[in-house]
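One structure below.
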Amino acid sequence: MSELKELKFPAFYSQLAKDFIDTITQDLAFDFSISKGLELINIPVDILQNPEALLDGDQVYLMISLGKMLAKKDEPFSLQILQHFKEDTLGMLGLAIINAQDAEQALNLFQEYTELFIPGFDFSINYSDRYLDVEILPLANFKKLESTLVELICCAFDFYGKRSGFEIQAEFYFSHDVSDYKSQLEQQFESPVYSHSPINRIRIPRAVLAQRVKSPNSSMQAVYIAQLNLEKAKHEQQSSISFQARRIMHYSGKKGIFLNRDQLADQLSCSHRTLTRKLKSEGVSFQQLLDEVRFSMAKQMLYQSSKSTKQIANYIGITNPSVFCRAFKKWSGVTPSEYRASLHA
């Protein structure tokens with residue numbers, strides 16, 4: 001997985017931190033400001049005046065750690081941050097969402113552009129007859145930051161859904177344990193919340209997609225989307241080759257297509273040799289990326305389907321079930337059957 005320090009986060013994180021710290025420190029017995037906080041964690045204070053500034057993952061980790069240290073202890077940190085969300089908290093994306101025509105267009109915007117504002121995740125949408133699942137897959141090693149970011153993604157989904165006027169009876173599934181504050185999340189989201197899911201996901205009824213946005217401005221939305229496309233192109237140019245490769249391979253894997261090295265090189269518009277060299281310079285190999293995708297897909301299928309070990313092995317491109325079982329145990333520490341049994345224990 002990509003390392004946290006390789007990710008680039010937009011400046012709105014520092015603005016959120018400022019709004020949060022200004023509020024949370026009002027009742028403190030000592031004087032504390034965002035300037036002092038940024039200085040404490042070695043982040044330039046002038047970042048607050050530069051909308052083009054980017055924070056690396058390590059800086060965001062320190063900023064969130066500082067926020068948690070100052071936060072109230074009787075309320076989830078993510079919900080305290082949610083109180084400071086504004087329509088433009090996700091920049092042009094937030095403004096494009098609330099000016100979409102309907103929930104389906106808003107959801108597609110969320111899926112396509114959220115990586116610009118919350119990097120290091122893949123967002124995919126899986127449809128069934130009655131529901132759709134927005135799956136939130138980490139592509140980076142977020143360490144202790146992952147659970148907080150996943151909750152903030154769900155908070156953003158809740159905020160912009162309500163701001164757009166949607167009535168969404170969603171279900172929120174977290175891979176981490178939220179039992180200590182489950183009731184508070186459910187009260188905020190007005191939806192059931194579950195812990196220990198193999199995949200972070202948001203489930204909503206498909207019927208919601210037809211709901212219209214309250215008071216959209218289609219002319220302004222076109223402007224926002226044009227700007228988002230420019231930002232996305234710039235983001236892709238700045239992303240590491242390993243991160244781009246992960247995203248492409250995960251996207252293809254969800255379609256049942258597991259790219260070989262030459263196919264991946266073609267997707268990245270480079271030669272086989274150049275791809276190998278660039279991946280090596282970033283401390284990763286093609287086989288590691290392929291194993292990540294296979295492991296992710298195998299976990300998902302063990303959880304969401306009743307397919308046999310042989311069927312899952314064939315799906316992820318491993319023809320010998322015994323080889324798949326050994327590989328899965330190497331990846332997870334347990335066999336596929338033991339993993340599936342643990343999900344229903």
Side-chain angles (χ1 to χ4, degrees), residues 1 4 16-17 20 23-24 60-61 63-85 110 114 118 120-126 128 130-162 167-205 208 295-296 298-305 331-334 336-345:
M1 298 184 116
L4 183 58
L16 263 180
F20 171 73
T23 300
I24 206 72
V60 171
Y61 179 85
M63 190 177 290
I64 289 180
S65 298
L66 174 64
K68 286 186 171 182
M69 181 181 72
L70 296 170
K72 301 172 185 176
K73 306 308 177 189
D74 58 350
E75 184 180 359
F77 176 68
S78 56
L79 296 189
Q80 294 180 57
I81 295 295
L82 175 59
Q83 295 170 20
H84 300 283
F85 273 35
F110 186 87
T114 299
I118 309 178
F121 287 92
D122 179 67
F123 301 90
S124 63
I125 302 176
N126 291 322
S128 63
R130 294 178 55 200
Y131 299 97
L132 65 87
D133 287 342
V134 181
E135 296 182 353
I136 306 165
L137 177 69
L139 299 180
N141 179 16
F142 286 103
K143 306 172 186 175
K144 295 179 180 179
L145 190 59
E146 182 178 319
S147 59
T148 300
L149 287 176
V150 169
E151 289 180 23
L152 287 174
I153 291 168
C154 292
C155 285
F157 187 91
D158 176 71
F159 174 84
Y160 285 105
K162 290 174 178 174
E167 295 181 6
I168 303 176
Q169 296 179 341
E171 298 173 13
F172 293 83
Y173 296 81
F174 296 99
S175 61
H176 60 281
D177 186 9
V178 298
S179 57
D180 287 346
Y181 47 94
K182 170 183 166 76
S183 61
Q184 291 167 290
L185 291 175
E186 290 183 331
Q187 182 178 2
Q188 171 60 45
F189 297 154
E190 299 176 335
S191 301
V193 169
Y194 304 96
S195 297
H196 304 300
S197 170
I199 302 168
N200 295 299
R201 59 194 173 101
I202 305 169
R203 169 166 287 183
I204 64 175
V208 168
F295 182 41
S296 175
K299 286 193 298 180
Q300 182 174 337
M301 295 179 76
L302 287 166
Y303 174 61
Q304 295 181 330
S305 78
W331 298 332
S332 67
V334 296
S337 57
E338 289 171 339
Y339 179 83
R340 175 174 270 163
S342 71
L343 298 175
H344 306 290

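Starting from 1, each residue takes its place in the sequence as its number.
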Distance-minimising heavy-atom pair for Asn200 and Ser175: OD1-N, 2.8 Å

Residue from Tyr160, Phe159, Phe157 passing ring pair (Phe, Tyr, Trp, His ring centres under 6.0 Å) with Phe110: Phe157

With rounding to the nearest 0.5 angstrom, report the OH to CZ distance, Tyr131 to Arg203. 7.0 Å

Euclidean distance, Leu70 CG relative to Ser65 OG, rounded to 0.5 Å: 11.0 Å

Residue pair Val178, Val193: steps toward the side-chain contact (heavy atoms from CB on, under 4.5 Å) verdict: CA-CA 8 Å; Val178 298; Val193 169; 3.6 Å; yes

Roughly how far, to the nearest 0.5 Å, is the CG atom of Leu185 from the OG atom of Ser78? 5.5 Å

Nearest heavy atoms of Gly120 and Phe142, plus distance in Å: O-CE1, 3.4 Å

Do Leu152 and Ile118 come within less than 4.5 Å of each other through their side chains, counting heavy atoms only? no

Are Lys68 and Lys73 close enough that some pair of their side-chain heavy atoms sits under 4.5 Å apart? no

Distance-only, no hydrogens or angles: does the Glu135 side chain make a donor-acceptor pair with backbone N or O of Ile125 under 3.5 Å? no

For residues Tyr303 and Ser197, determine if any side-chain heavy atom of one lies less than 4.5 Å from a side-chain heavy atom of the other. yes

Given Ser124 and Leu137, is the side-chain contact (heavy atoms from CB on, under 4.5 Å) satisfied, shown in steps? CA-CA 8 Å; Ser124 63; Leu137 177 69; over 6 Å; no

So how far is it from Ile136 CD1 to Ile153 CD1, rounded to the nearest 0.5 Å? 5.0 Å

I'd like to know if the side chain of Asp158 pairs up with that of Gln188 as donor and acceptor (distance under 3.5 Å, no hydrogens or angles considered). yes

Roughly how far, to the nearest 0.5 Å, is CG of Leu145 from CD1 of Ile64? 4.5 Å

Cation over ring face, Lys182 and Tyr194, 6.0 Å, 45°: yes

Where Leu82 and Cys155 come nearest, the two heavy atoms and their spacing: CD1-O, 3.7 Å

Would a 4.5 Å heavy-atom cut-off, applied to side chains only, mark Leu132 and Ile204 as touching? yes

Once you measure the plane-to-plane angle for Phe121 and Phe123, does it fall in the parallel (<30°), tilted (30-60°) or perpendicular (>60°) bin? tilted

With a 4.5 Å limit on heavy-atom distance, are the side chains of Phe189 and Cys154 in contact? yes

Partner of His176 under side-chain hydrogen bond (donor to acceptor under 3.5 Å, both in side chains), picked from His196, Glu146, Glu151, is Glu151

Determine the minimum heavy-atom distance between Ser191 and Gln169, stating which atoms define it. OG-C, 4.4 Å

Ring-face cation of Lys299 near Phe295 (centre distance under 6.0 Å, axis angle within 45°): yes

Check against side-chain contact (heavy atoms from CB on, under 4.5 Å), Ser195 and Phe174: CA-CA 5 Å; Ser195 297; Phe174 296 99; 5.6 Å; no

Kindly indicate, with the supporting measurements, whether the criterion side-chain contact (heavy atoms from CB on, under 4.5 Å) is fulfilled by Asn126 and Gln300. CA-CA 12 Å; Asn126 291 322; Gln300 182 174 337; 3.5 Å; yes

Could you check whether any side-chain N or O of Glu190 sits under 3.5 Å from a backbone N or O of Ala170, counting only pairs where one atom can act as donor and the other as acceptor? no

Please check if atom CD in Gln187 has more than 12 non-hydrogen atoms from other residues, nucleotides or ligands closer than 6.0 Å. no

Between Arg340 and Leu302, what is the shortest heavy-atom contact and its length? NE-O, 3.1 Å

Rounded to the nearest 0.5 Å, what's the gap from CD on Glu186 to CZ on Phe172? Could you check? 10.5 Å

Shortest non-hydrogen separation from Phe77 to Ala71 and the atoms involved: CD1-CB, 3.8 Å

